[in-house]
Amino acid sequence: MEIPQLKLMMDLQAINGMSRSKPAINQTNSIPFQGILEEAMYSLSKQNNFQNKIGAVHLLQSLLNHNGLVSGIERYQPAKITNKVPKSLDEIISRAADVYKIPKKLIQSIIQHESNYNPTAVSQAGASGLMQLMPATAKGLGVTDIFDPEQNVFAGAKYIKQMLDKYNGNIDLALAAYNSGPGNVDKYGGIPPFPETRNYVQKVSNSYYA
């Protein structure tokens, strides 16, 4: 039971005790106030649904007000329910681009060809999320939830930034390293001769420069 509801119940219990020792407050009512109060309190205690609780509380407040017993009792104010809108992916990408000082369009192009903007995408090799991070890479970048859009985008942006720095801003080499690993780029002294990597670099580059 929520603390505000418990407080209200305690207040009502006190009023209930007062009503037992005094005549019915509203003599014009055909049903004694004490009986109505006890029934309402019982109804409130049995409510499991939050909205039903609120309705029962409002009924009790109306009853108290009608009988002049609101004074001295703190009215129950339910916590405001807000539908917090998640941060948009575009906003996350913009912040990541600002933080790591890389073009926003580069991040967008990578996401487009890595996952087609599907945050739960998983490749056969196990790369996951929007920017298709391998679990070991994600862990090394401090990711705790690889499918969380913000963590995934920020980690992917950080990684491509590292590759850009390593290859002196050469986008094609950075993309090749992002796809096949910097070890292969270093081994072959450029874009590795892997059809998948070459195709990847060409597609992402075309989207970025378009």
With sequence neighbours left out, the residues meeting side-chain hydrogen bond (donor to acceptor under 3.5 Å, both in side chains) with S123 are none

Would you check if I191 and T197 make a side-chain contact, meaning some heavy-atom pair closer than 4.5 Å? yes

Among all residues two or more places apart in sequence or in another chain, which pass the side-chain hydrogen bond (donor to acceptor under 3.5 Å, both in side chains) test with D98? none

For N116, enumerate each residue passing the side-chain hydrogen bond (donor to acceptor under 3.5 Å, both in side chains) test, keeping only those at least two apart in sequence or located in another chain. none

Counting N and O atoms only, with roles assigned by atom type, does the side chain of K105 sit under 3.5 Å from a partner on the main chain of A210, one being a donor and the other an acceptor? yes

4.5 Å side-chain heavy-atom contact, Y167 and D186: yes

Are M131 and Y159 packed together at the side-chain level, in the sense that at least one heavy-atom pair is separated by less than 4.5 angstrom? no

Nearest heavy atoms of A121 and S115, plus distance in Å: CB-CB, 3.9 Å

Is there a donor-acceptor pair closer than 3.5 Å between any side-chain N or O of S205 and the backbone N or O of V201? yes

Provide the closest heavy-atom pair for G126 versus P135 in the form atom of the first, atom of the second, distance. O-CD, 3.6 Å

Members sharing Y188's hydrophobic cluster, built from side-chain contacts under 4.5 Å between Ile, Leu, Val, Met, Phe, Trp and Tyr, are F194

Given I111, I110, T120, D148, the one that forms side-chain contact (heavy atoms from CB on, under 4.5 Å) with L130: I111

Contacts of S128 meeting side chain to side chain contact (heavy atoms under 4.5 Å, CB included) (sequence neighbours excluded), chain-then-number -> V122, I146, F147

Applying ring-ring contact (aromatic ring centres under 6.0 Å, His included), can you list everything that pairs with F154, at least two apart in sequence or on another chain? none

Would the distance check show the side chain of Q132 and the main-chain N or O of G156 forming a donor-acceptor pair, the cut-off being under 3.5 Å? no

N179: which of R198, M163, E196 passes side-chain contact (heavy atoms from CB on, under 4.5 Å): E196

Heavy atoms, side chains only, cut-off 4.5 Å: are Q112 and K203 in contact? no

Are K104 and I107 packed together at the side-chain level, in the sense that at least one heavy-atom pair is separated by less than 4.5 angstrom? no

Side-chain touch D90/Q108, heavy atoms, less than 4.5 angstrom: yes

Return the minimal non-hydrogen interatomic distance between A155 and L141, and the atom names on each side. O-CD1, 3.4 Å

Charged N-O contact under 4.0 Å between K101 and D165: no

Decide yes or no for Y208 and L175: does some side-chain heavy atom of the first lie under 4.5 Å from some side-chain heavy atom of the second? no

